[in-house]
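Presented below is the structure to which this report refers.
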Amino acid sequence: MRTVKQVSDLTGISVRSLHYYDEIGLLKPSEVTEAGYRLYDDEALKTLQQILFFKELDIPLKDVKEIMSSPYFDKMKALENQKKLIIMKRNRLNDLIELINKTLKGENTMSFKEFDMSEYYNVLEEFKTEHRDEVIRIYGSVDKYNEFIEKCKSKEDEIAKMAIKQYGSIEKYAKAVKKNLNSDMITLSEQYDKFKKDFLNDKHPKLKELYKKLTSDLSKDPSSKEIQQIAEEIINITKKDYEAFKMDNGDDHWYYMVQIYLVYPEWIEAVDKKYGNGASKFIGEALKNCSKTKKPKVEKLYEKLVSDLSKDPSSQEIQQIVEEILDESRKNQEFYKVDEGENHWSYMAELYLSNSTFIELIDKEYGSGASKFIGEALKFYSENSK
């Protein structure tokens with residue numbers, strides 16, 4: 001029999017991960033002593049080895065559990081299949097290993113330019129050819145879109161690095177970009193733009209009147225009954241007259257539109273220029289406080305996640321919330337028909353832990369240390385769900 005610490009030393013799997021495997025019923029200890037210590041026999045170690053083979057193939061732990069608990073599970077057949085898949089993975093990595101060896105020998109400098117980005121640029125060019133009107137709407141002109149492509153080429157290393165981290169390969173990233181450029185998110189963007197242009201250019205007479213009334217005295221309390229009545233009228237009309245806010249998920253779309261008044265610098269500048277200094281924040285607070293503005297489920301889950309930053313990000317309680325967040329996000333991906341990449345959450349974890357802009361924004365929203373907490377929770381989930 002081996003203790004958790006001894007199994008950890010033998011396999012390289014952290015004690016925390018072994019505890020987690022026990023909690024979710026994936027790998028139970030062979031015995032638990034009266035003092036509460038977990039012990040593992042050789043049969044348990046063989047099971048752990050099988051789990052690690054699956055994990056190496058990027059199969060989520062919940063799927064591994066289902067596979068291994070099935071009455072039809074054949075260990076030897078599984079090993080044969082795992083061997084084939086791991087050989088394929090090894091072959092896929094051989095080119096990268098060769099490139100690294102050349103770099104170590106000084107034959108060249110390691111650069112993501114070694115990865116072929118042509119498929120990505122082909123997708124961008126194809127979009128320009130097939131959706132000229134859309135390109136002009138989003139970028140202002142075809143020339144500006146071409147400038148965007150050239151800017152991408154100047155940041156090729158950075159884009160390639162992101163693509164590989166988040167999507168696994170340039171090829172997968174290119175396919176995802178093509179899918180996303182043709183997703184419902186583009187249509188939604190158009191609908192947002194329609195509302196924003198009407199707002200800035202006073203194209204909707206009734207809303208023009210209400211916004212003018214709302215911002216007539218910016219010294220008032222945005223949560224006062226008087227202001228809230230106006231805010232409710234604005235929301236009722238907006239949800240009735242604009243497709244983005246009356247379609248499925250329309251409440252979510254409205255919530256994020258309200259956030260733009262509070263956090264998006266260019267929009268804040270434009271609104272303040274129209275209605276006076278501080279107007280955008282005033283409007284945002286008034287609309288945010290209105291009962292008609294409903295917080296999306298995923299936002300509530302993030303609030304729940306960071307409600308107590310003293311908790312262990314790897315605990316079963318926190319990991320359960322993380323799983324709920326990811327499930328809700330998957331539903332949104334399916335709804336909008338977008339592809340965020342197979343390593344999206346691992347990539348996001350890195351942003352929460354190391355990106356200064358991200359950290360500042362999240363800590364301001366949820367409290368000091370929140371970004372690190374979310375990052376650690378996502379990182380643990382990503383590392384232990386494959």
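We count residues from 1, following the sequence as given.
Proximity of a side-chain donor or acceptor of Asn343 to a complementary backbone N or O of Lys165 within less than 3.5 Å is detected. With hydrogens and angles disregarded, no donor-acceptor distance shorter than 3.5 Å links the side chain of Gln166 to the backbone of Glu342. Under a 3.5 Å cut-off, the side chain of Asp22 and the backbone N or O of Lys28 do not form any donor-acceptor pair. Although no hydrogens or angles enter the test, the distance criterion places no donor-acceptor pair under 3.5 Å between the side chain of Tyr366 and the main chain of Leu361. Put simply, the side chain of Gln6 gets close to the backbone of Thr3: a donor and an acceptor are under 3.5 Å apart. Here the side chain of Lys203 pairs no donor or acceptor atom with the backbone of Lys194 at under 3.5 angstrom. Here the side chain of Gln228 pairs a donor or acceptor atom with the backbone of Pro222 at under 3.5 angstrom. Of the possible donor and acceptor atoms, none in the side chain of Ser17 sits under 3.5 Å from a partner among the backbone N and O of Ile13.
Taking the ring axis of Trp254 as reference, the NZ or CZ atom of Lys294 does not stay both within 45° of it and closer than 6.0 Å to the ring centre.
Rounding to the nearest 0.5 Å gives a distance of 10.5 Å between OG of Ser30 and CZ of Arg2. The distance from atom OG of Ser189 to atom CG of Asp193, rounded to the nearest 0.5 Å, is 4.5 Å. Here the OH atom belonging to Tyr255 is positioned 12.0 Å from the CD1 atom belonging to Ile260, to the nearest 0.5 angstrom. Distance check: Ser329 OG to Glu324 CD gives 11.5 Å after rounding to the nearest 0.5 Å. The distance from the OG atom of Ser314 to the CD atom of Gln319 is 6.5 Å, given to the nearest 0.5 Å.
For the pair Lys206 and Glu209, the salt-bridge criterion is met [side-chain N within less than 4.0 Å of a carboxylate O]. A salt bridge links Lys175 to Glu171: at least one charged side-chain nitrogen sits closer than 4.0 Å to a carboxylate oxygen. With salt bridges taken as basic N to acidic carboxylate O contacts below 4.0 Å, none links Asp339 and Lys179.
Checked against salt bridge (Lys or Arg N to Asp or Glu O under 4.0 Å), Lys295 has the following partners two or more places apart in sequence or in another chain: Glu303. Checked against side chain to side chain contact (heavy atoms under 4.5 Å, CB included), Lys297 has the following partners two or more places apart in sequence or in another chain: Leu301, Glu328.
Taking the six-membered ring for Trp, His253 and Tyr336 have ring centres closer than 6.0 Å.
Cluster membership check: Leu39 does not share its hydrophobic cluster with Leu26, using side-chain heavy-atom separations under 4.5 Å among Ile, Leu, Val, Met, Phe, Trp and Tyr. The same ILVMFWY cluster, assembled from side-chain heavy atoms under 4.5 Å apart, contains both Ile230 and Met257.
Between Phe358 and Tyr352, the ring-plane angle classifies as perpendicular under the 30° and 60° cut-offs. Between Phe380 and Tyr20, the ring planes are perpendicular. Angles over 60° get that label, and only those under 30° would be called parallel. The aromatic rings of Phe199 and Trp267 are tilted relative to each other, their planes meeting at an angle between 30° and 60°.
Under a cut-off of 6.0 angstrom, the local environment of NZ in Lys144 is sparse, with at most 12 non-hydrogen atoms contributed by other residues, nucleotides or ligands. For Glu126, the CD atom sits in a packed shell: over 12 heavy atoms of surrounding residues, nucleotides or ligands are nearer than 6.0 Å. Other residues, nucleotides and ligands contribute over 12 non-hydrogen atoms within 6.0 Å of the CZ atom of Phe335. Within a 6.0 Å sphere centred on CZ of Arg330, heavy atoms belonging to other residues, nucleotides or ligands number more than 12. More than 12 heavy atoms of other shown residues, nucleotides or ligands fall within 6.0 angstrom of atom NZ in Lys196.
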In a table with atom names and distances, give each donor-acceptor pair under 3.5 Å that connects a side chain of residues 232-242 to protein atoms at least two apart or in another chain.
residue, atom, partner, partner atom, Å
Asn236, ND2, Glu232, O, 3.3
Thr238, OG1, Ile234, O, 2.7
Lys239, NZ, Asp251, OD1, 2.8
Lys239, NZ, Lys292, O, 2.9
Asp241, OD2, His204, NE2, 2.8
Tyr242, OH, Asp198, OD2, 2.7

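You'll find the side chain of Asp363 reaches within 4.5 Å of the side chain of Ser371, heavy atoms only. Contact annotation: the side chain of Arg38 approaches that of His19 to within less than 4.5 Å [non-hydrogen atoms, C-beta and beyond]. Counting only heavy atoms from C-beta outward, the side chains of Ile227 and Phe282 approach each other to under 4.5 Å. Here the side chains of Ile283 and Tyr211 are in contact, with some heavy-atom distance below 4.5 Å. Side chains of Asn249 and Asn332 form a contact here, defined as non-hydrogen atoms less than 4.5 Å apart. In this structure, Met247 and Gln191 have side chains that are in contact, with non-hydrogen atoms separated by less than 4.5 Å.
The salt bridge (charged side-chain N to carboxylate O under 4.0 Å, His left out) analysis of residues 212-225, with sequence neighbours excluded, yields the pairs Lys220-Glu226. Residues in residues 266-284 take part in these salt bridge (charged side-chain N to carboxylate O under 4.0 Å, His left out) pairs, two or more places apart or across chains: Asp202-Lys274. Contacts classified as ring pair (Phe, Tyr, Trp, His ring centres under 6.0 Å) and involving residues 152-192 (residues at least two apart or in different chains) are given here: Tyr120-Tyr173, Tyr167-Tyr173, Tyr192-Phe245.
No hydrogens or angles considered: a donor-acceptor pair under 3.5 Å links the side chains of Glu299 and Tyr256. A side-chain donor from one of Asn146 and Lys128 sits under 3.5 Å from a side-chain acceptor of the other. Between the side chains of Glu340 and Gln333, at least one donor N or O sits under 3.5 Å from an acceptor N or O.
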**Prompt:** After noting the C-alpha distance and the side-chain angles of Lys46 and Asp42, does the key distance pass the salt bridge (Lys or Arg N to Asp or Glu O under 4.0 Å) rule?
**Reply:** CA-CA 6 Å; Lys46 289 179 182 177; Asp42 287 345; over 6 Å; no

